[in-house]
Asker: 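Input: one structure, supplied below.
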Protein chains: 2
Amino acid sequence: MPVSIEDVARKANVSISTVSRVLNRRNLVNARTRQRVERAIKQLHYRPNIFARGLMLQKSEMVGLVLPDLHGEFYSEIIRGANQEARELGYNLVISSAKDSDDTQSLLEGIQQRSFLDGVAIMVSEVTGGMQELLVDFAVPFVVLDGKVDGAMHDSVVIDQGEGARAMMRHLVNTCGMQRVFFVGGLRTNVDTIARLEAHQQVLSEAGIEHGPLDIYHLDYEYDTAYALATDNIHDWAGPNRCVFAANDEMASGIVDAAAAAGVAIPDDLGVVGFDDTRVARITRPPLTTVRVPMFRMGAEAIRLLCARVADPMCHPTAISLHPQLVIRKSCKCELDA
Amino acid sequence: MPVSIEDVARKANVSISTVSRVLNRRNLVNARTRQRVERAIKQLHYRPNIFARGLMLQKSEMVGLVLPDLHGEFYSEIIRGANQEARELGYNLVISSAKDSDDTQSLLEGIQQRSFLDGVAIMVSEVTGGMQELLVDFAVPFVVLDGKVDGAMHDSVVIDQGEGARAMMRHLVNTCGMQRVFFVGGLRTNVDTIARLEAHQQVLSEAGIEHGPLDIYHLDYEYDTAYALATDNIHDWAGPNRCVFAANDEMASGIVDAAAAAGVAIPDDLGVVGFDDTRVARITRPPLTTVRVPMFRMGAEAIRLLCARVADPMCHPTAISLHPQLVIRKSCKCELDA
DNA sequence: TAATTCACTGAAAGCGCTGTCAATAGTCAA
DNA sequence: TTGACTATTGACAGCGCTTTCAGTGAATTA
């Protein structure tokens, strides 16, 4: 049933070498012969066997994208960017995600083991020792997304979390005049959370505002838990010149809704700001002041970098840093509202 | 640099056949020999070459997922479901999307041409003649998602759009007592839109409610355009026992927000309902009455079906029908609000 | 005219692996 | 002790393709 290069050769009355040349370096073969071969290919519905070809070329033209999760717009945008770039560069995109870091590790081990990918872009939510070790001499070319794995030795595309978070905090403190900023982050070990929290602390210190661990909450980036937390605490939080800085829009949105349910006015009684500028930030009432993270671009840049490395495995590691952008909407009660 | 089966064989002092047997059908080789081979494999960091293996087996253990778009939660959930199922079944998931149907067609042609996938799950937003023709003797096993391609000859997993839309319309007319229901859909050619519009017409007719083409709008499933449309029309729409049935939550959300901006109260002055039950449906104020579409399950079922077919290419085509579910929230002014 | 180049083509050597087949050694019933 | 088995292993023929390398005849140059 499957038609091979040999069948084509026979039909076109040439050798398989010639057929192969038509397929790969067309200019090496006489125009008339080429036509004959091309006709045979079409008539026979010939499709070169990808494995045989890969066996020779040791290239699959596939790159992987490993994400810590696929849930929500954040990842979906990364995928979208990666997909676009991959198609543009003629690569296929293999996507996988794993629940926790152990699972991610076994996923990567699998990829390495079976190594059918020319390269892989890796994003992890937290880095275990095992992961770090695994990557040190990972057999497949890779780039790291979102800078969770420590850098320099490999390509990476990071978002300057600190910069974004500091911009937000400075806006809250300097422009909106906030005197107390609660922080609601993800897991304590989550690197994003850590960076944002650092910015939180730093800017408060700079401004000479007292702050303590009691104003800091660690959740899981989900709407529901944030809603629950806010429901319990909203009346303690509320007050003039007070604000909640949530580490993503989902949680911020949950807090806003909890506030609305409890009769606390946003931003008059309490400011609430988010991070990521996802869909929900615009839809939440009032729309959220947040930090736009260029997710689509991150996905695209990662694949671009990856394919460059695949093409030249020895090229010098590059680190691309993407800059987040403060997006001021209606949830932080600043002068710009006008 | 790359270590082959031969290196392992040499190191373990056996033939490559034996190494191969250790790799594939371990029980055929003596326990002591096997240990020796396994040690060599480990020491040499040997990883079997996927291409050479594929060349013999003609299996890549990769399945594709072709989507019309990657934007938004709808697709992201499908991917999530597909990814989970694929991992469970030991397959890798290759994802691609194409902008329009021409692009999709060329994508599929590419997949067929290079055929490195054991199978592919295909979802298209509309079906052109070329596409239909292409699929008739598509060389790669496939299943069709969301029933856009006409069925029976191949596996498919569809969502009974009509059922969901009718349930919604009956709820609006019978329970909420709506006397006039505007319809805001996607493109005229979009199959989802067609199914939902049909339900709209049918239920209105059943209820003996007059309805004409003027109450029907065709947009693009996006928030912004719906917002704009609603801004222009909101005062014409508003009125007792009137309602807008938007073909997805995004548009419904845009309409709700436009209404809020124009001072039209939802649902008191106008009901607004959506479709899909995505994130925005819950976050919109008031939260949207909508139809929940089991996207995650659709992705998972598609891959399950696909892998079954890959395992047995001759098995009888199955059609899985998933049932949407009416989700009543606060945007439709029904008695259940109480 | 002879020597050299050129454009094109075919033969054949693998790429790394799996599976068939035959060979060997060891076991067991007779 | 012998023949019939069984368990274990190795040799080797491909899988379908790309890529040297070595022709072939025609065109160009000396």
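In the text below, chain A, chain B and the rest are named by the order of the sequence lines, each starting its count at 1.
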Asker: Can you list every salt bridge (Lys or Arg N to Asp or Glu O under 4.0 Å) pair that touches residues 27-55 of chain B, not counting sequence neighbours?
Answerer: B:R26-B:E38
Asker: Rounded to whole Å, how long is the line connecting atom CZ of B:R32 with atom C1' of D:dT8?
Answerer: 13 Å
Asker: With sequence neighbours left out, what residues match B:A40 under side-chain contact (heavy atoms from CB on, under 4.5 Å)?
Answerer: B:V8, B:K11, B:A12
Asker: B:Q35: what forms a side-chain contact (heavy atoms from CB on, under 4.5 Å) with it, not counting sequence neighbours?
Answerer: none
Asker: What residues form a side-chain contact (heavy atoms from CB on, under 4.5 Å) with A:I194, not counting sequence neighbours?
Answerer: A:E198
Asker: Rounded to the nearest angstrom, tell me the gap between atom CG in A:L55 and atom C1' in D:dT18.
Answerer: 10 Å
Asker: Between the two ends of the helix from C:dT1-D:dA30 to C:dA30-D:dT1, what is the bend in degrees, rounded to 10 degrees, where each end axis spans five pairs?
Answerer: 40°
Asker: Of the residues in residues 34-50 of chain B, which ones touch DNA chain C at a heavy-atom distance under 4.0 Å?
Answerer: B:Y46, B:P48, B:N49
Asker: Grab the CD1-C1' distance between A:I5 and D:dC15 for me, whole Å please.
Answerer: 13 Å
Asker: How would you list all residue pairs meeting salt bridge (Lys or Arg N to Asp or Glu O under 4.0 Å) that involve residues 299-316 of chain B, not counting sequence neighbours?
Answerer: B:D155-B:R309, B:R297-B:E301, B:E301-B:R304
Asker: Only counting residues at least two apart or in another chain, list the ones meeting side-chain contact (heavy atoms from CB on, under 4.5 Å) with B:L134.
Answerer: B:Q105, B:L108, B:E109, B:Q112, B:F138
Asker: What is the first contacted nucleotide of DNA chain C and what is the last, in 5' to 3' order, if contact means an atom lying under 4.0 angstrom from a heavy atom of chain A?
Answerer: C:dC8 to C:dG16
Asker: Looking at B:S20, is its backbone amide N or carbonyl O close enough to the side chain of B:N24 to form a donor-acceptor pair, meaning the two atoms are under 3.5 Å apart?
Answerer: yes
Asker: B:K59 NZ to D:dC15 C1': how many Å, rounded?
Answerer: 15 Å
Asker: For a quick test of reading the model: is some side-chain N or O of A:R21 closer than 4.0 Å to OP1 or OP2 of D:dT19?
Answerer: no
Asker: Tell me which donor-acceptor pairs under 3.5 Å the side chains of residues 61-70 of chain B have, and how far apart each pair is, sequence neighbours excluded?
Answerer:
unit_1 : atom_1 : unit_2 : atom_2 : d
B:E61  : OE1    : A:R114 : NH2    : 3.1
B:D69  : OD1    : B:H71  : N      : 3.2

Asker: Sequence neighbours excluded and cut-off under 3.5 Å, please list the side-chain donor-acceptor pairs for residues 78-87 of chain A, or say none.
Answerer:
unit_1 : atom_1 : unit_2 : atom_2 : d
A:R80  : NE     : A:E77  : OE2    : 2.9
A:R80  : NH2    : A:E77  : OE1    : 3.2
A:N83  : ND2    : B:S97  : OG     : 3.3
A:R87  : NH1    : B:D103 : OD1    : 3.3
A:R87  : NH1    : B:D103 : OD2    : 3.1

Asker: In whole Å, I'd like the distance from the CZ atom of A:F51 to the P atom of D:dT18.
Answerer: 15 Å
Asker: Rounded to the nearest 0.5 Å, what's the gap from CD1 on A:I50 to OG on A:S60? Could you check?
Answerer: 8.0 Å
Asker: For the CD atom on B:Q43, are there more than 12 heavy atoms of other groups (residues, nucleotides or ligands in this structure) within a distance under 6.0 Å?
Answerer: yes
Asker: Say you draw a straight line from OG1 of A:T18 to CG of A:N13; how long is it, rounded to the nearest 0.5 Å?
Answerer: 11.0 Å
Asker: Identify, residue by residue, the members of residues 8-19 of chain A with a heavy atom below 4.0 Å from DNA chain D, and return them in order of residue number, or none.
Answerer: A:I16, A:S17
Asker: Between B:L28 and B:M56, name the one whose nearest nucleotide on DNA chain D is closer to the 5' end.
Answerer: B:L28
Asker: From A:F74 CZ over to B:S76 OG, what is the distance, rounded to the nearest 0.5 angstrom?
Answerer: 13.0 Å
